[in-house]
2 protein chains.
Amino acid sequence: MTSGPTWTIAQIAEEFGVTHRTVRHYEDLGLISPERQGTRRIYHRRDRTRLGLILRGKRLGFPLEEIRTIVDLFDAPRGRRAQLEYVLGQIDERRADLEQRLRDAQDALRELDQFERRCRDDLEKLG
Amino acid sequence: MTSGPTWTIAQIAEEFGVTHRTVRHYEDLGLISPERQGTRRIYHRRDRTRLGLILRGKRLGFPLEEIRTIVDLFDAPRGRRAQLEYVLGQIDERRADLEQRLRDAQDALRELDQFERRCRDDLEKLG
DNA sequence: ATCGTGCTTTACGTTGACGTAAAGGTCAAC
DNA sequence: GTTGACCTTTACGTCAACGTAAAGCACGAT
């Protein structure tokens, strides 16, 4: 059925720079649902995509529960009109959050640049 | 000495949308050091500035300990050359972090827009 | 067949970031 | 002079996000 390359838990953990414990923790919270061959976990490309989304969400400071609602949104069935309208509403909320983060990062970078110039000025005055 | 408007802990907590417990917690970690009149805390403009920096750092997902090193950086004495060069090095590290957050937010927003277009397409197909 | 490697579950421990009483000081107002 | 509003410290509780054993299965290699 779902073919293509696969990975073990150790491989994707290594590749994404996290521990296997972290990956399983995300599974406990329902953020990833890898295939099983017997008892072993088998990860496909879509699992890697989701893990990438999760870690980016974490870097942006979102809690895992909120991240789950977001990644679930992308995989939601969205067949009926009501479902689509709900999803579009959620998108707007998330965008507002993300735009705030974007402004925060831009503001912080501007202040950092400004501060660096002051420091370089001070340094120059010292000869 | 340091004149100008002042605030109580309840006032700045209210204004910044956090609890007084949160503000005192930041003080415990050395992130803010309000003046004292007797036992009461008196907050000045610089405390408000720092609190603003702290909360923005939090929104961006930085841990409080790291935030402390950053805000301390801005108030550091930076008189000697060695100190200035250390500060400039720290600035570069922080900038790399912030630029990553900026890219994360931009990428996420792009994907969100793309996803929204797909949803609107689906909605249109439904009549 | 047993040894090592890599995986598994179960479960208690830890750290960060506060929440939440409990018990009390101060001061203006009634 | 006592009530009430607002502040204080001290200290235990909580929740998220994992860390860290402990104990055991599976399987290829020696």
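A note on names: the letters A, B, ... follow the listed sequences, proteins ahead of strands, and every chain is numbered from 1. Every heavy atom of this structure was used, including side-chain atoms; hydrogens, water molecules and symmetry mates were not. No experiment lies behind these values; they were computed from the predicted model shown.
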Whole-Å gap separating C1' (dG6(C)) and CZ (Arg36(A))
15 Å

Within 45° of the axis and under 6.0 Å from the centre of the six-membered ring of Tyr43(B), does NZ or CZ of Arg50(B) qualify?
no

Glu27(B) has an atom CD; how far is it from atom P of dC18(C), in whole Å?
15 Å

salt_bridge(Asp47(B), Arg41(B)) N-O dist < 4.0 Å:
no

Any pair counted as ring-ring contact (aromatic ring centres under 6.0 Å, His included), so long as it reaches residues 103-127 of chain B, sequence neighbours left out
Phe74(A)-Phe115(B)

Quick note, salt bridge (Lys or Arg N to Asp or Glu O under 4.0 Å) partners involving residues 9-25 of chain A, not counting sequence neighbours, are Glu15(A)-Arg48(A)

Those residues at least two apart in sequence (or on a different chain) that pass side-chain hydrogen bond (donor to acceptor under 3.5 Å, both in side chains) with Arg94(A) are Glu66(A), Gln90(A)

Kindly state which residues belonging to residues 47-57 of chain A come within less than 4.0 angstrom of DNA chain C, counting heavy atoms of the residue only, listed by number.
none

Please determine whether a side-chain nitrogen of the Lys or Arg among Asp113(A) and Arg110(A) lies less than 4.0 Å from a carboxylate oxygen of the Asp or Glu.
no

Qualifying residues under side chain to side chain contact (heavy atoms under 4.5 Å, CB included), relative to Leu53(B), sequence neighbours excluded:
Glu111(A), Arg56(B), Val71(B)

Without hydrogens or angle criteria, can the side chains of Arg103(A) and Gln100(A) be said to hold a donor-acceptor pair below 3.5 Å?
yes

Spacing of Ile42(A) atom CD1 relative to dG6(C) atom P, expressed in whole Å
15 Å

Looking only at side-chain N and O atoms, does Arg41(A) come under 4.0 Å of OP1 or OP2 in dT8(C)?
yes

Generate the contact string for nucleotides 12-25 of chain D. Rules: B means base contact, S means sugar-phosphate contact only, - means no protein heavy atom under 4.0 Å.
-----BBBB-----

Between dT8(D) (C1') and Tyr43(B) (OH): distance, integer Å
11 Å

